[in-house]
Amino acid sequence: MSTPRSSFLATALERGFIHQCTEMDALDERLCAGRAVAYDGFDCTADSLHVGSLVGIMLLRLFQRCGHRAIVLMGGGTTRIGDPSGKDEARRLLDEAEIDRNMAGIRKIFAKFLTFGDGPSDAMMVNNADWLDELRYIPLLRDIGRHFSVNRMLTQDSVRLRLERDQPLSFLEFNYPILQAYDFMELARRFDCALQIGGSDQWGNIVAGVELARRAEGRTLFGLTTPLITSASGAKMGKTAQGAVWLSSDKLSTYEYWQFWRNVEDDDVRRFLRLFTELEIAEIERLECGDINEAKKALATEATALCHGRDAAKAAAETARAVFEGGGSGSELPQTSVPRDKLTRGIPAFELFSLSGLAVSNGEARRLIRGGGARINDSVVENETTAISVADLDANGVLKLSAGRKRHVLVRPV
């Protein structure tokens, strides 16, 4: 295609957001013609999203910054079925109360990234249960199902891979692409939504929505997918050895979030600065030419500022500086507690590291200490059975536990 004229597509291409797009030249014309509406959908499978969803959120944010209107579609209806894309087995079915709780948690996250309201370019949040709950089965089969080819559905990755591995795929899950396609057409009807955004694993579902609207109503809709984001070593974005990197500070502290970005692999910094910060390209290129650790700190602070606010990002950066450069404890470190009577009696060092969460078991804690990777108040723990007591509390009445150079916890007696 020619170089896009619309600011959204030009910027999205420059920063690496686009993997596939249906009729990009035609979409470019549509975006240049005036304000457009786009949506991305999020099922309510947990009470927070993690950084695996962040590239889609950032693209919606860019869409709004370019003067268009973004729709966040909450999957109150589709969550009850479960998206088979990228899954080897069916998702656990959630009840209504769980879905409502999860939806409430996810709503809070989007308020950090998008401006919601009634203005022409203000974002809106809608729930697909509003229309999916009203569908009747026979009319759905007759009016919508007739536009879908089972032969083609069997070729979609979400279905084909499950069948090739001889893993069960329920009829319930097989219906998911139909309902996602129907969502797109319904959003087009209600809000003149012309573009669906999604991850690369959603390409088949998105194209199905584009084709359904064309066949059923003669509408021209567009689809755009973002690339699958993995680390330079191939690890899936959003997961670490310690668990998911949540966007909610209730599930992951701001400091831990900052540390996730600070510790990305060197080869990822250039790409992540473009995707997960709003620094100008010229500033990113300047950072690339300098010290890699300074670039990582900039990535961590800018990404954290978007998710948790500038003040929280600065506090996390200062905590990291105090911990790694100044020898301080850092009040923003993750914290846990142990019963004071246990500390009074004395706790074996290996047990304390296990209780703190820095080791998943006593055995792992023992190995950590034997390998010289465990420190308490910045002093190496020499013996795994050393008794740690209230006498070891620092001047602030806490213990700073460290596993290696990057993982730290403050332990408080209660």
Side-chain angles (χ1 to χ4, degrees), residues 19-20 22 39-46 49 52-53 56 73-96 98-99 102-103 106 126-189 193 196-217 219 221-226 228 236:
H19 177 61
Q20 294 165 296
T22 63
Y39 92 94
D40 196 351
F42 301 85
D43 279 345
C44 310
T45 53
L49 300 174
S53 299
L73 180 65
M74 303 298 290
T78 44
T79 303
R80 279 180 270 164
I81 294 175
D83 183 0
S85 300
K87 297 295 178 182
D88 291 335
E89 57 186 24
R91 297 177 189 267
R92 182 176 70 87
L93 295 180
L94 307 181
D95 61 31
E96 294 293 330
E98 288 178 289
I99 292 172
N102 292 344
M103 194 180 304
I106 292 172
V126 297
N127 182 354
N128 63 13
D130 291 347
W131 54 83
L132 295 182
D133 283 358
E134 303 303 316
L135 289 176
R136 292 185 298 156
Y137 190 58
I138 297 300
L140 177 67
L141 290 178
R142 182 180 175 88
D143 300 334
I144 305 301
R146 66 190 177 91
H147 295 293
F148 286 82
S149 162
V150 171
N151 306 63
R152 181 162 183 177
M153 291 175 71
L154 290 172
T155 67
Q156 289 186 212
D157 285 349
S158 59
V159 175
R160 179 180 57 80
L161 294 176
R162 202 67 95 73
L163 297 179
E164 286 179 353
R165 296 168 183 162
D166 199 24
Q167 294 161 336
L169 178 76
S170 71
F171 180 70
L172 181 70
E173 295 173 283
F174 190 65
N175 277 269
Y176 191 96
I178 297 175
L179 296 184
Q180 182 171 327
Y182 184 82
D183 280 345
F184 196 2
M185 189 168 72
E186 189 65 27
L187 289 170
R189 289 170 176 168
C193 181
Q196 181 180 174
I197 291 168
S200 58
D201 62 337
Q202 296 296 313
W203 178 248
N205 294 345
I206 292 173
V207 171
V210 171
E211 294 185 350
L212 173 62
R214 176 179 58 81
R215 291 171 179 167
E217 300 187 349
R219 290 179 180 269
L221 302 180
F222 303 94
L224 185 156
T225 63
T226 57
L228 174 66
K236 189 174 182 180

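Residue numbers start at 1 and run along the sequence shown.
- The two residues Arg80 and Ala129 come nearest to each other via the heavy atoms NH2-CB, 3.9 Å.
- No donor-acceptor contact under 3.5 angstrom links the side chains of Gln196 and Gln202, judged on distance only.
- When the shell of 6.0 Å around CZ of Arg152 is examined, it contains 12 or fewer heavy atoms from other residues, nucleotides or ligands.
- Listed for the Asn205 side chain is no donor-acceptor partner under 3.5 Å among the backbone atoms of Pro177.
- When all heavy atoms of Gln20 and Ser200 are compared, the closest pair comes out as OE1-O, 4.4 Å.
- Between Thr45 atom OG1 and Ile99 atom CD1 the span is 10.0 Å, to the nearest 0.5 Å.
- Looking at Tyr176 and Asp43, their side chains do bring a donor and an acceptor atom within 3.5 Å of each other.
- Here the side chain of Asn127 pairs a donor or acceptor atom with the backbone of Gly76 at under 3.5 angstrom.
- Side chain of Thr225 to main chain of Gly199: no donor-acceptor pair is present (N/O by atom type, distance under 3.5 Å, no hydrogens or angles).
- A pairwise comparison of heavy atoms in Tyr39 and Gln180 identifies OH-O, 3.9 Å as the closest pair.
- Of the possible polar contacts, none joining the Glu211 side chain to the Ala208 backbone as a donor-acceptor pair under 3.5 Å is found.
- The two residues Phe222 and Phe184 come nearest to each other via the heavy atoms O-CZ, 3.3 Å.
- In this structure, the side chain of Ser53 does not engage the main chain of Leu49 through any donor-acceptor pair within 3.5 Å.
- Checking side-chain atoms of Thr79 against main-chain N and O of Cys44 turns up a donor-acceptor pair under 3.5 Å.
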